[in-house]
Amino acid sequence: MSAQAQMRALLDQLMGTARDGDETRQRVKFTDDRVCKSHLLDCCPHDILAGTRMDLGECTKIHDLALRADYEIASKERDLFFELDAMDHLESFIAECDRRTELAKKRLAETQEEISAEVSAKAEKVHELNEEIGKLLAKAEQLGAEGNVDEAQKILMEMEKVKGRKREAEEEYRNSMPASSFQQQKLRVCEVCSAYLGLHDNDRRLADHFGGKLHLGFILIREKLEMLRRTVAEKQEKRNQDRLRRREERERDDRLGRRSKSKSRDRRRSRSKERRRRRSRSSSRDRRRSRSRSRDRHRRHRSRSGSRNRSHHRSSRDRGSKHK
């Protein structure tokens with residue numbers, strides 16, 4: 001990649017698709033199904049294993065550093081939950097790798113001669129010490145490259161102790177096997193990357209394997225998968241808690257609403273009863289007033305009738321007196 005292309009990729013990674021107003025690039029959003037979600041989270045096996053003997057070639061989905069920058073900016077504002085898609089992708093990839101590892105083990109078991117369980121255990125011990133030596137040597141070289149010479153020396157001293165244990169283990173293994181059988185190369189499948197390891201591989205070969213891009217790439221993929229699993233579990237737990245809290249809030253609001261409606265109905269009933277009582281009292285007062293007015297009219301009528309009768313009676317007496 002030229003210096004100009006590297007600079008362009010760096011700007012894309014920092015500023016996203018809109019850095020120079022290129023509308024053509026902005027037509028594809030990072031949320032598009034055609035975009036690799038594993039690439040957005042920097043864990044796509046096509047990127048990690050590029051340039052190794054297990055190079056997967058170009059991913060079938062879109063890889064763009066500018067889209068990754070867009071995603072990183074957007075993910076700070078809201079949870080997009082792309083981790084689930086990336087986790088499914090890596091789980092499928094690792095499951096296929098583990099399947100190939102088991103097939104390789106099966107082929108080795110079929111092709112290599114049968115040995116007793118005791119001899120097999122001794123060979124397994126030699127393999128384990130070989131792996132430990134290779135890892136220690138790769139770590140010492142890394143520390144030396146970083147300038148941490150003292151730590152590198154400590155690792156090398158520890159490696160020499162492991163080498164002593166390895167020589168003892170090889171001696172036990174050699175004594176338990178016929179000479180002709182011991183000369184036959186024994187292989188083992190690496191549990192991390194499915195590569196073949198020889199029982200008699202030297203330290204340099206083992207260091208190249210355990211410090212190589214392929215082995216470290218598989219370690220990185222498996223670590224990212226575990227990290228994604230934890231992240232997905234935490235986010236799902238948070239979502240479940242939020243959903244439960246919202247449901248409890250709705251139920252509480254419903255209870256408060258029912259109580260409010262009940263109180264409102266009670267108030268309406270109370271007002272209705274009060275209105276009926278007022279109407280009843282008003283009707284009673286009206287009836288009492290009506291009866292009182294009737295009695296008053298009746299008394300006035302009787303009083304007028306009595307007055308007319310008395311007046312008529314006096315008039316009759318007066319006329320009778322005159323005739324006499």
So that I can tick it off, tell me whether [Y] and [X] are bridged by a salt bridge, with the cut-off set at under 4.0 angstrom between side-chain N and carboxylate O.
X: Lys238; Y: Asp242; answer: yes
X: Glu128; Y: Lys125; answer: no
X: Lys139; Y: Glu151; answer: no
X: Glu191; Y: Lys105; answer: yes

Around atom CG of Asp33, are there more than 12 heavy atoms from other residues, nucleotides or ligands closer than 6.0 Å?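 Counting neighbours around CG of Asp33, 12 or fewer heavy atoms of other residues, nucleotides or ligands fall under 6.0 Å, so no.
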
Report, as yes or no, whether the 6.0 Å neighbourhood of atom NZ on Lys235 holds more than 12 heavy atoms from other residues, nucleotides or ligands. yes

Hey, what do you get for [atom1] ([X]) to [atom2] ([Y]), rounding to the nearest 0.5 Å?
X: Leu41; Y: Met87; atom1: CG; atom2: CE; answer: 12.0 Å
X: Lys224; Y: Ile221; atom1: NZ; atom2: CD1; answer: 10.0 Å
X: Lys213; Y: Ile48; atom1: NZ; atom2: CD1; answer: 10.0 Å
X: Cys59; Y: Asp47; atom1: SG; atom2: CG; answer: 7.5 Å
X: Cys193; Y: His215; atom1: SG; atom2: NE2; answer: 6.0 Å
X: Glu234; Y: Arg239; atom1: CD; atom2: CZ; answer: 14.0 Å

I'd like to check [X] versus [Y] (side-chain heavy atoms, cut-off strictly below 4.5 Å). Are they in contact?
X: Cys43; Y: Leu90; result: yes
X: Phe30; Y: Arg68; result: no
X: Glu58; Y: His46; result: no
X: Arg205; Y: Asp208; result: no
X: Leu216; Y: Phe210; result: no
X: Leu225; Y: Phe93; result: no
X: Glu223; Y: Phe218; result: no
X: His89; Y: Lys37; result: no

Can you get from [X] to [Y] by hopping between Ile, Leu, Val, Met, Phe, Trp and Tyr side chains that sit under 4.5 Å apart?
X: Val192; Y: Leu56; result: yes
X: Leu136; Y: Ile219; result: no
X: Val149; Y: Ile155; result: no

I need the minimum non-hydrogen distance between Val28 and Leu67, along with the two atoms involved. O-CD2, 3.4 Å

Please name the pair of heavy atoms, one in Glu226 and one in Arg229, separated by the smallest distance, quoted to 0.1 Å.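 Nearest heavy atoms, Glu226 then Arg229: OE2-NH1, 2.7 Å.
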
Run the numbers on Glu168 and Arg165 for salt bridge (Lys or Arg N to Asp or Glu O under 4.0 Å), then give the verdict. CA-CA 5 Å; Glu168 295 175 359; Arg165 299 204 306 270; over 6 Å; no

With side-chain contact (heavy atoms from CB on, under 4.5 Å) as the test, would you mind laying out the steps for Leu129 and Lys163 before giving the verdict? CA-CA 8 Å; Leu129 292 171; Lys163 280 185 175 181; over 6 Å; no

For the backbone of [Y] and the side chain of [X], can you confirm whether one donor and one acceptor N or O come within less than 3.5 Å of each other?
X: Ser194; Y: Cys190; result: no
X: Thr231; Y: Met227; result: yes
X: Asn148; Y: Gly144; result: no

Could you pull out all residues at least two apart from Arg34 that satisfy salt bridge (charged side-chain N to carboxylate O under 4.0 Å, His left out)? Asp32

Pairing residues for Asp98 by the salt bridge (charged side-chain N to carboxylate O under 4.0 Å, His left out) criterion, not counting sequence neighbours: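 With neighbours one apart ignored, the set is Arg222.
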
If you apply the rule side-chain contact (heavy atoms from CB on, under 4.5 Å), what do you find for Leu137 with Leu156, and how did you get there? CA-CA 7 Å; Leu137 181 56; Leu156 289 174; 4.2 Å; yes

Test salt bridge (Lys or Arg N to Asp or Glu O under 4.0 Å) applied to Lys29 and Asp70, step by step: CA-CA 8 Å; Lys29 303 297 183 181; Asp70 291 345; over 6 Å; no

side-chain contact (heavy atoms from CB on, under 4.5 Å) assessment of Asp64 paired with Val35: CA-CA 8 Å; Asp64 192 336; Val35 176; over 6 Å; no

Which residue, Arg252, Glu248, Arg247, forms the side chain to side chain contact (heavy atoms under 4.5 Å, CB included) with Arg250? Arg247

Chi angles and distances behind the side-chain contact (heavy atoms from CB on, under 4.5 Å) call for Leu197, Val189: CA-CA 6 Å; Leu197 300 174; Val189 180; over 6 Å; no

Apply salt bridge (Lys or Arg N to Asp or Glu O under 4.0 Å) to residues Glu132 and Lys161 and explain how you reach the verdict. CA-CA 11 Å; Glu132 188 174 353; Lys161 295 178 182 179; over 6 Å; no

How are the rings of Tyr71 and Phe82 set to each other: parallel, tilted or perpendicular (split at 30° and 60°)?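 Rings of Tyr71 and Phe82: parallel, under 30°.
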
